[in-house]
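Keep in mind it's a predicted model, so treat the numbers as computed, not measured.
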Amino acid sequence: MDNFFEEITMSLEILNPYNDESITFRGIVLNWFMEGSNPEGLEQLLFYQAVQGQGTGNMGNKYFFAGIASEIINLNPREIEGAEAVAMNKVISEDPAPGFTLVIKNEITINPNGDIITDTNFYSGY
C-alpha cells in the first residue's frame, strides 16, 4: 500500500433542519492516506480529511463550512479492514438564517491486496 492524496470537487444539496431551506453547496474534499506504524511495529494507515464548502439556499441565505476528520486504522494484511471516521462540522450562515451541523461520514475499507475504498456521505443534523 502506498501513501496517496486525492482532491475531490463536491456538489451537494443539504436541507437546513431549522428552517427547511434547501442549500446547494460546492467545495472540495482533500483526503490523505499515509502508512505508518505504532511503537510495537504494528502497521497502520493514517487517514486525514479536510473539507470546505459554501452555498446558497433557496431562500437566498448564504452558508459556509470547513472541517477536518482523522482516523488511525490498524492493518492486518490477511483480512479486510474497515473503519469509520465521522466529523461534525458547524455550518455558519452569513445571513440571519440559523446555522446547523453538517455530518460527514467516511466508511473506509482496505482489502488484503491494499486497495482502499472510501465512501463519503454528507447529511445535516441539529
Nearest 0.5 Å, what's the CD1-CD1 distance between Ile73 and Ile108? 4.0 Å
How long is the span from the CD atom in Glu40 to the CG atom in Asn74, to the nearest 0.5 Å? 10.0 Å
Heavy atoms of Tyr63 and Asn19 approach each other most closely as OH-ND2, 3.7 Å
Shortest non-hydrogen pair, Leu15 vs Asp20, comes out as CD1-O, 3.2 Å
Is the number of heavy atoms from other residues, nucleotides or ligands under 6.0 Å of Lys90 NZ greater than 12? yes
Say whether Tyr48 and Leu30 are linked into one hydrophobic cluster, either directly or through other cluster members, by side-chain heavy-atom distances under 4.5 angstrom. yes
Is the closest side-chain heavy-atom distance between Gln49 and Thr118 below 4.5 Å? no
Using 0.5 Å steps for rounding, measure from the CG atom of Leu42 to the CD atom of Gln44. 5.5 Å
Distance (rounded to the nearest 0.5 Å) between Thr56 OG1 and Glu21 CD: 9.0 Å
Closest contact, heavy atoms only, Asn89 versus Ala66: OD1-O, 3.7 Å
According to a hydrophobic-cluster definition based on side-chain heavy atoms being under 4.5 Å apart (Ile, Leu, Val, Met, Phe, Trp, Tyr only), do Phe5 and Leu46 belong together? yes
Side chains of Val29 and Phe122, heavy atoms from C-beta outward: is any pair under 4.5 Å? yes
Whether Glu71 side chain and Ala85 backbone form a donor-acceptor pair below 3.5 Å: no
Against Asn106, only a single residue in Thr120, Asp119, Asn31 fulfils side-chain hydrogen bond (donor to acceptor under 3.5 Å, both in side chains); can you say which? Thr120
Do the rings of Phe65 and Phe25 sit parallel, tilted or perpendicular, given the 30° and 60° boundaries? perpendicular
What closest approach, in Å, do Gly55 and Ile23 show between heavy atoms, and which atom pair accounts for it? C-CG2, 4.1 Å
Is it the case that one hydrophobic cluster holds both Val91 and Leu12, taking links as side-chain heavy atoms less than 4.5 Å apart, direct or via other members? yes
Does any non-hydrogen side-chain atom of Thr24 lie less than 4.5 Å from one of Arg26? yes
Is any side-chain heavy atom of Glu6 closer than 4.5 Å to a side-chain heavy atom of Phe33? yes
In terms of heavy-atom contacts, Met10 and Ile28 come closest through CG-N, 4.2 Å
Has Asn61 got a side-chain atom pairing as donor or acceptor with Asp95's backbone, closer than 3.5 angstrom? no
Are more than 12 heavy atoms, taken from residues, nucleotides or ligands other than Ile68, located less than 6.0 Å from that residue's CD1 atom? no
For Asn3 and Glu35, indicate whether the former's side chain and the latter's backbone hold a donor-acceptor pair under 3.5 Å. yes
Check the surroundings of atom CD in Gln52: do more than 12 heavy atoms from other residues, nucleotides or ligands lie under 6.0 Å from it? yes
Are side-chain heavy atoms of Leu45 and Ile116 found at a separation under 4.5 Å? yes
Residue pair Lys105 / Glu84, side-chain heavy-atom distance below 4.5 Å: yes
Do Tyr126 and Tyr123 belong to the same hydrophobic cluster, where Ile, Leu, Val, Met, Phe, Trp and Tyr are linked whenever their side-chain heavy atoms lie under 4.5 Å apart, directly or via other members? no
Determine the minimum heavy-atom distance between Pro98 and Tyr18, stating which atoms define it. CG-CB, 3.4 Å
